[in-house]
Asks: 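Right, I'll just put the structure down here and ask away after.
The shown structure was predicted, so the numbers you read here are calculated from the model rather than taken from an experiment.
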2 protein chains.
Amino acid sequence: MTTPLEPIDRAILRELTQDGRCSFTDLAERVGLSVSAVHQRVRRLEQRGVLKGYAARVDGEQVGLPLTAFISLTPIDPAAPDDYPHRLEHLSAVEACYSVAGDASYVLKVRVAGPTALEDLLRQIREQANVSTRTTVVLSTPYEDRPPGV
Amino acid sequence: MTTPLEPIDRAILRELTQDGRCSFTDLAERVGLSVSAVHQRVRRLEQRGVLKGYAARVDGEQVGLPLTAFISLTPIDPAAPDDYPHRLEHLSAVEACYSVAGDASYVLKVRVAGPTALEDLLRQIREQANVSTRTTVVLSTPYEDRPPGV
DNA sequence: GCTGAAAATCGTCCAAC
DNA sequence: GTTGGACGATTTTCAGC
């Protein structure tokens, strides 16, 4: 059951999505509430699980991982156990794993150092998960991590 | 030109990726440095653009947007100007936009309230960007936003 | 580049309205 | 929800190594 969100909570989430380290003082000012009120609202959002956490946004290119790609996974053996996420979790290049409807069973988002690293990663994925892969290389990212909803 | 990162900076980024609101005090303890040292390293990473910012991680289901999907865009008119990201930026359901190599020109990550909202969004995208679309619905997200590299 | 300490700010709790 | 106060923790700066 999900209680519908109040506008003020939406505003808080919008601000925190854009600046996750915003102080409660600033936050209170931006959403037009007292510090105490904002404080308890944020705590309630965290407890409810609406706010799952906070993450630094890192520039992949500058950390030596300039190549981003999406990899679609299709099981070779349709009867195999569906534990792909767990089998691929140890690969640090895998930033995200989505279970999807469509031709593929899963889509991975990966970040690697270059073509050679990608080739090596694909080999590991195919071997360890027994899947065929289809890779879409990301050329650039016009925008990402925008705040949800309106 | 990207200066290769020192191990200590990698450690800082790893911690901040997992807990973006981590205090400098904690951070200093975790990476084995003084508070001041960590502080100036973080500031330098921010200035260099390695740290692009901080974002709250929000549970899409709990904010009334339980349906996530990837939408591949293929231009109908190959001679049309390549301003798709800008033309779709105003659609708040679009969380991210990637320029890609492959069959499609762009891939969007979107979050909507349900099938009807998705249908409506697809109509808007096709109309406003003059593209054909291929949509992959996300069923679940085993993991996301993991720290980059090792 | 690191440390340690001072000064300003912030997070957190609480009582009262 | 709000205000105001209080206290400890944190951020931020700076001199010195």
Asks: Output side-chain donor-acceptor pairs under 3.5 Å for residues 34-41 of chain A, partner residues at least two apart or in another chain, one line each.
Replies:
unit_1, atom_1, unit_2, atom_2, d
Ser34(A), OG, Ala37(A), N, 3.2
Arg41(A), NH1, Asp9(A), OD1, 3.1
Arg41(A), NH1, Asp9(A), OD2, 3.3
Arg41(A), NH2, Glu6(A), OE1, 3.3

Asks: Which residues pass the side chain to side chain donor-acceptor pair (under 3.5 Å) test with Glu46(B), sequence neighbours left out?
Replies: Tyr54(B)
Asks: Given a cutoff of under 4.5 Å between side-chain heavy atoms of I, L, V, M, F, W and Y, with clusters grown through shared members, what are the other residues clustered with Ile76(A)?
Replies: none
Asks: Rounded to the nearest 0.5 Å, how far does CD of Glu29(A) lie from OG of Ser23(A)?
Replies: 8.5 Å
Asks: Pair up each side-chain donor or acceptor in residues 129-137 of chain B with any protein partner under 3.5 Å, not counting sequence neighbours, and list the distances.
Replies:
unit_1, atom_1, unit_2, atom_2, d
Ser132(B), OG, Thr74(B), O, 3.4
Thr133(B), OG1, Arg126(B), NH1, 2.9

Asks: Is there a path of hydrophobic side-chain contacts, each under 4.5 Å between heavy atoms, that joins Val50(B) and Leu27(B)?
Replies: yes
Asks: With sequence neighbours left out, write down each residue that passes salt bridge (charged side-chain N to carboxylate O under 4.0 Å, His left out) with Asp120(B), or none if nothing qualifies.
Replies: Arg123(B)
Asks: Tell me, do Glu89(B) and Cys97(B) make a side-chain contact under 4.5 Å, heavy atoms counted?
Replies: no
Asks: Could you work out the complete set of other residues in the hydrophobic cluster of Leu139(B), with links drawn between I, L, V, M, F, W and Y side chains under 4.5 Å apart?
Replies: none
Asks: Dot-bracket, DNA chain C: Watson-Crick or G-U, under 3.5 angstrom, [ ] crossing, | other strand?
Replies: ||||||||||.||||||
Asks: Show the atom names and distances, to 0.1 Å, of all donor-acceptor pairs under 3.5 Å that link a side chain in residues 99-113 of chain B to residues at least two apart or in another chain.
Replies:
unit_1, atom_1, unit_2, atom_2, d
Tyr106(B), OH, Asp82(B), OD1, 2.6
Tyr106(B), OH, Asp82(B), OD2, 3.2
Lys109(B), NZ, Glu95(B), OE2, 3.1
Lys109(B), NZ, Glu144(B), OE2, 2.6
Arg111(B), NE, Glu95(B), OE1, 3.2

Asks: Hey, can you pull the residues of residues 44-59 of chain A with a non-hydrogen atom under 4.0 angstrom from DNA chain C?
Replies: none
Asks: What does nucleotides 3-17 of chain C look like as a protein-contact string, B for base, S for sugar-phosphate only, - for none, at under 4.0 angstrom between heavy atoms?
Replies: BBB----SSBSB---
Asks: What is the first contacted nucleotide of DNA chain D and what is the last, in 5' to 3' order, if contact means an atom lying under 4.0 angstrom from a heavy atom of chain B?
Replies: dT10(D) to dT13(D)
Asks: For atom C1', what is the distance between dA15(C) and dA9(D), given to the nearest Å?
Replies: 22 Å
Asks: Honestly curious: do Val58(A) and Leu91(A) fall in one hydrophobic cluster under the side-chain, below-4.5 Å linking rule?
Replies: no
Asks: Which residues pass the ring pair (Phe, Tyr, Trp, His ring centres under 6.0 Å) test with Phe70(A), not counting sequence neighbours?
Replies: Phe70(B), Tyr98(B)
